[in-house]
Amino acid sequence: MTRVWKWNRPVTVREVLEDLQQERSIAYTTVMTVMDNLYQKGWVRREAEGRAYRYAAVSTRAAYAAALMNEAWQRSDNQAAALVAFFGMMSPEQRDALGDAMRVIQLPAEEPREVPAPPEGAEGAEESEGAEEAGEAAEAGEEQGSPEPAQDSGAPSDPGTAAELPESEGGAAEAGGGR
């Protein structure tokens, strides 16, 4: 599958064979058997071209990785703890990719919420400072009091959203796709 995903086009057994033979000795029939097994399992589709077939991936590598992550997460008896542990294992680059993915899949912005008026008798400086912060958060599309950092809030804890992540690639393949 690595070759099929890498080339991102329909490939023949011969093409895969020639590429693999640069790394190791392998028989044509072995590659043909593997490609047929992938077809039988639904990982690739094939079209006849003369006496051979051209095989194309049914899904992207990013969608496959996302499905694996979702499946592992769904099997957890404590999904929130699993996410916390998973996020804790991430490198800074992976956290950046997660933040990028979260921005891609954000639902349409909600109607701006009115900031509640402070209780009477509150000092003026604190009122205006709090209102400014709330206004900035609303402008950024965040809810007041949402947890920091941004990648810890929103869709990752929603199993429906996590399951939707692999459905489209939209230019964020390294981040698992998006809407």
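The basis for the numbers below is simple: all heavy atoms, side chains too, and nothing from hydrogens, waters or symmetry mates. All figures in this text were calculated on a predicted structure; none of them were measured in a lab.
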Q: Establish, yes or no, whether a centroid distance under 6.0 Å links the rings of W5 and Y64.
A: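 Yes, the ring centres sit under 6.0 Å apart.
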
**Q.** For the student: nearest non-hydrogen atoms of V4 and V11, plus distance
**A.**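 Here V4 and V11 meet closest at CG2-CG2, 3.8 Å.
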
Q: Identify the heavy atoms of M32 and V13 that sit nearest to each other, and give their distance.
A: N-CG1, 3.7 Å

Working to the nearest 0.5 angstrom, can you tell me the gap between [X] [atom1] and [Y] [atom2]?
X    : Y   : atom1 : atom2 : answer
T2   : W7  : OG1   : CH2   : 10.5 Å
D19  : R14 : CG    : CZ    : 13.5 Å
E71  : S76 : CD    : OG    : 13.0 Å
E47  : Y53 : CD    : OH    : 11.0 Å
E15  : L20 : CD    : CG    : 12.0 Å
D100 : R95 : CG    : CZ    : 13.5 Å

Q.
Ring of Y39, cation from R46 - is the NZ or CZ under 6.0 Å from the centre and inside 45° of the axis?
A. yes

Q.
Would you say CZ of R9 has more than 12 non-hydrogen atoms from neighbouring residues, nucleotides or ligands within 6.0 angstrom?
A.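 Result for CZ/R9: enclosed.
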
Q. Under the side-chain contact (heavy atoms from CB on, under 4.5 Å) criterion, do R45 and Y55 qualify, and how do the steps go?
A. CA-CA 6 Å; R45 62 180 165 269; Y55 296 86; over 6 Å; no

Q.
Using modelled atom types and a 3.5 Å cut-off, is there a donor and acceptor pairing between side-chain atoms of T33 and backbone atoms of T29?
A. yes

Q) Would M102 and V84 show up in the same hydrophobic cluster when neighbours are defined by side-chain heavy atoms closer than 4.5 Å? A) no

Q. Pick from L38, V31, D36: which one makes a side-chain contact (heavy atoms from CB on, under 4.5 Å) with V34?
A.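 Running side-chain contact (heavy atoms from CB on, under 4.5 Å) over L38, V31, D36 with V34 returns exactly one hit, L38.
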
Q. Side chains of W43 and V58: closer than 4.5 Å at any heavy-atom pair?
A.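 Of all side-chain heavy-atom pairs linking V58 with W43, none is under 4.5 Å.
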
(Q) One thing to verify: whether R54 and E49 come together as a salt bridge, which I'm taking to mean a side-chain N less than 4.0 angstrom from a carboxylate O. (A)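 Here E49 pairs with R54 in a salt bridge, since their nearest N and O are under 4.0 Å apart.
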
